[in-house]
Novice: 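Shown below is the structure under consideration.
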Amino acid sequence: MLRVAVVGSGPSGVYSAQSLVQQDAGVRVDVLDRLPCPYGLVRYGVAPDHEKIKSLQNTLRTVLEHDRVRFLGGVQIGPAGLPVTRLGELYHAVVYCVGAATDRRLGIPGEELRGSWSATEFVSWYSAHPDAVTDGFLPGVRTAVVIGVGNVAVDVTRMLARGVTELSPTDMPQAALSALAASEVTEVHMVGRRGPSQARFTTKELRELGTLPDTKVTVDRAELELDPGYADPSALPGPQRRNVEVLRGWAADAAPGDTVRHRLRLRFHLRPVALLPDAADGDRVGAVRFERTEPDGRGGLTGTGRYEEIEAQLVLRSVGYRGVPLEGLPFDAEHGTVPHLAGRVLREGVVAPGEYVAGWIKRGPTGVIGTNRPCAKETVTSLLEDAPALVRRELPGDPLAVLRAEGHVPVEWSGWQAIEQAEAELGASLGRSVVKLSDWGSLLAAARGGTV
Ligand SMILES: Cc1cc2nc3c(=O)[nH]c(=O)nc-3n(C[C@H](O)[C@H](O)[C@H](O)COP(=O)(O)OP(=O)(O)OC[C@H]3O[C@@H](n4cnc5c(N)ncnc54)[C@H](O)[C@@H]3O)c2cc1C
Ligand SMILES: NC(=O)c1ccc[n+]([C@@H]2O[C@H](COP(=O)([O-])OP(=O)(O)OC[C@H]3O[C@@H](n4cnc5c(N)ncnc54)[C@H](OP(=O)(O)O)[C@@H]3O)[C@@H](O)[C@H]2O)c1
């Protein structure tokens, strides 16, 4: 019987488990995660107001409830928990689906000032990730700058403009809901270094900004006109053309006298060069300095030597995620991924038997949830080709029994269900539906039947 460990219960991990049980009638799969909760970024990244996408958790759940799949949460793979080498001894094969947990840096002066955060940190906070570092994003903030024009930038911009009526029905933690309800942010600038036709956001997500209550979206017409696709959008590929068309509508619509609670200003052709301290409090960010750019004719940009400052008490850097090395696995530091061949891990260019990768740690941090399904399938196809050789190795016994004997206390599926129950009860006590638990103590107490 083939025994496989999948490390990470995000989309790529769950799709790997699904592909394994669908293609091999005898395989047994343990899906391990460092968190006591499954689903990776579907639980801790997808914005709480995107309930339809969040409900994909129900599809992922059916895989984790399959009778040849076990969820083992609260098990950190790596030196602080279960080392990679030991994990490899317990299973015939291991598929690493650990995602890309950290943020890319801008590498410009002032990035460390108070009030400058990565979008990753902000998302973790409103998603109730138990490792979230702070809740001090919003006090004293009137104007925010979001750097980057990808879908995460759109998410965080939208969350800054959402009202309590729209957020209250979500599973957002109570503290984040209260902070957003009390927020005095009136203006958010979302800024791209290149032109609108090179923005990474998708049209559906962009359009949604224009539907937010009590909110006006504006686009600087001169910045739009700089875009090579502005004059003749019909020459652009479909997704870019649709983005440019939406943005053109907002440029035409920019009436200055509107009284609304939030103003979202979409800016382009501005490259961040420094975060500047506030005049009264030198440790805190007060503005972002940008260099105006122009298209270089090849899809890139050139600096113009002209600069512009945008005042901001909050800066969210949304310039992409980044994989982190896992001790014991090879790592390509340039791309933040594990080197592989069709999902087989490469150690110094040579296939490492029994080690595989899927998802963001394999491809890099781009792609929607569905992109991980074919990615996982490719990896599982490689694994099952290798399986006849791998399965010859004798294992020390049921991995769960061995883990327990070695002092690990995994959160099993019943533990996760207890967390779900505790979150439903918390929601009911607050007059809301489900409300997420946001700290390790509460999650583990709920999972292990203790007091929340
Ligand atoms: C903020 C944000 C919002 C998004 N919103 C959408 C959206 O609305 N729609 C959409 O289609 N796509 C969205 N995406 C993209 C989508 O979330 C990703 O494509 C997908 O989650 C990548 O899956 P993954 O399994 O590779 O990684 P992840 O989902 O990150 O899962 C990785 C898992 O590995 C676990 N792990 C990490 N290290 C270890 C370790 N050492 N030991 C044990 N476990 C470990 C983590 O706890 C996590 O559960 C969003 C992405 C982000 C960042
Ligand atoms: N609703 C959804 O479907 C949804 C929601 C969230 C996320 N996602 C997906 O998750 C993935 C990750 O999204 P993401 O937004 O983190 O990444 P992304 O799509 O790669 O966007 C990153 C943005 O950061 C900019 N950037 C990078 N380095 C920069 C720098 N030094 N200075 C200024 N700007 C810089 C990029 O500009 P350049 O293009 O110029 O490099 C780009 O605008 C994407 O595939 C996304 O579609 C999907």
Side-chain angles (χ1 to χ4, degrees), residues 1-17 19-20 23-24 27-34 40 72 75-102 104 320-367 371-397 399 402-403 406 408:
M1 179 179 54
L2 178 66
R3 274 196 187 274
V4 180
V6 171
V7 182
S9 63
S12 64
V14 177
Y15 289 138
S16 295
S19 197
L20 278 162
Q23 292 187 58
D24 184 314
V27 68
R28 296 205 169 252
V29 186
D30 286 345
V31 179
L32 299 104
D33 204 292
R34 61 183 289 273
L72 302 178
V75 183
Q76 166 97 30
I77 306 306
L82 179 63
V84 161
T85 42
R86 182 64 183 139
L87 181 67
E89 289 163 4
L90 302 184
Y91 295 88
H92 295 115
V94 182
V95 189
Y96 291 93
C97 303
V98 291
T102 194
R104 289 187 60 222
Y321 280 61
R322 191 175 160 71
V324 291
L326 179 52
E327 196 174 308
L329 265 196
F331 190 66
D332 172 348
E334 191 189 336
H335 300 103
T337 53
V338 171
H340 72 96
L341 187 68
R344 293 178 177 96
V345 171
L346 293 175
R347 289 185 180 271
E348 292 171 9
V350 179
V351 167
E355 292 182 314
Y356 303 85
V357 278
W360 276 16
I361 196 63
K362 171 185 172 187
R363 306 189 316 274
T366 58
T371 320
N372 299 291
R373 190 194 270 267
C375 171
K377 198 167 175 202
E378 179 195 56
T379 296
V380 167
T381 302
S382 298
L383 190 160
L384 292 178
E385 276 169 20
D386 303 344
L390 298 172
V391 82
R392 279 190 221 122
R393 183 164 57 90
E394 201 167 319
L395 301 180
V402 178
L403 284 176
E406 293 180 0
H408 300 277

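Note that the coordinates shown come from a computational prediction; the quantities given were computed from them, not determined experimentally.
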Novice: Minimum heavy-atom separation for Trp360 and Thr366, please, with both atom names.
Specialist: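 Closest approach of Trp360 to Thr366, heavy atoms only: NE1-O, 3.2 Å.
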Novice: Distance from Ile77 atom CD1 to Leu32 atom CG, nearest 0.5 Å?
Specialist: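 Those atoms lie 5.0 Å apart.
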Novice: What pair of heavy atoms forms the shortest contact from Leu90 to Pro399, and how long is it?
Specialist: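 Distance-wise, the nearest heavy atoms are O-CG, 3.5 Å.
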Novice: Tell me the closest heavy-atom pair linking Glu355 and Val84, and the distance in Å.
Specialist: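 Looks like OE2-CG1, 4.1 Å.
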Novice: Looking at CZ of Arg28 and CG of Leu20, how far apart are the two atoms once the value is rounded to the nearest 0.5 Å?
Specialist: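 Rounded to the nearest 0.5 Å, the CZ-CG separation comes to 13.5 Å.
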Novice: Enumerate donor-acceptor pairs with a distance under 3.5 Å from any side-chain N or O in residues 382-393 to protein atoms, sequence neighbours excluded.
Specialist:
| residue | atom | partner | partner atom | Å |
| --- | --- | --- | --- | --- |
| Ser382 | OG | Ala342 | O | 2.6 |
| Ser382 | OG | Glu378 | O | 3.4 |
| Glu385 | OE1 | Arg344 | NH2 | 3.0 |
| Asp386 | OD1 | Arg344 | NE | 3.3 |
| Asp386 | OD1 | Arg344 | NH2 | 3.0 |
| Asp386 | OD2 | Arg344 | NE | 2.9 |
| Asp386 | OD2 | Tyr356 | OH | 2.6 |
| Arg393 | NH1 | Gly88 | O | 3.4 |
| Arg393 | NH1 | Glu89 | O | 3.4 |
| Arg393 | NH2 | Gly88 | O | 3.0 |
| Arg393 | NH2 | Tyr91 | O | 2.5 |

Novice: Within the 4.5 Å heavy-atom criterion, are Asn372 and Arg363 side-chain neighbours or not?
Specialist: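 Yes; the side chains approach each other to less than 4.5 Å.
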Novice: Could you check if a side-chain atom of Leu329 sits within less than 4.5 angstrom of a side-chain atom of Arg347, using non-hydrogen atoms only?
Specialist: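 A side-chain contact exists here, since the closest heavy-atom pair is under 4.5 Å.
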Novice: Using the side chain to side chain donor-acceptor pair (under 3.5 Å) criterion, which residues pair with Glu406? Sequence neighbours excluded.
Specialist: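 Arg86.
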Novice: For residues 6-17, tabulate all N or O donor-acceptor pairs below 3.5 Å that involve a side-chain atom, not counting sequence neighbours.
Specialist:
| residue | atom | partner | partner atom | Å |
| --- | --- | --- | --- | --- |
| Ser9 | OG | Asp33 | OD2 | 2.8 |
| Ser9 | OG | Tyr39 | N | 3.2 |
| Ser16 | OG | Ser12 | O | 2.7 |

Novice: Taking all heavy atoms of Gly323 and all of Ile361, pick out the closest pair and write down the distance.
Specialist: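 Residues Gly323 and Ile361, closest heavy atoms: CA-CD1, 4.2 Å.
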Novice: Between Ala5 and Leu87, which heavy-atom pair has the shortest distance, and what is it?
Specialist: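 Scanning both residues completely, I find the closest heavy atoms to be CB-CD1, 4.1 Å.
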Novice: Please assess Val351 against Leu346 for the test side chain to side chain contact (heavy atoms under 4.5 Å, CB included), listing each intermediate value before the final yes or no.
Specialist: CA-CA 5 Å; Val351 167; Leu346 293 175; 3.7 Å; yes
Novice: Could you state the interatomic distance from NZ (Lys362) to OG1 (Thr379), rounded to the nearest 0.5 Å?
Specialist: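 Spacing of NZ (Lys362) from OG1 (Thr379) equals 3.0 Å.
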Novice: If I compare all heavy atoms of Arg322 with all of His335, which pair ends up nearest, and what's the gap?
Specialist: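 Looks like NH1-C, 4.3 Å.
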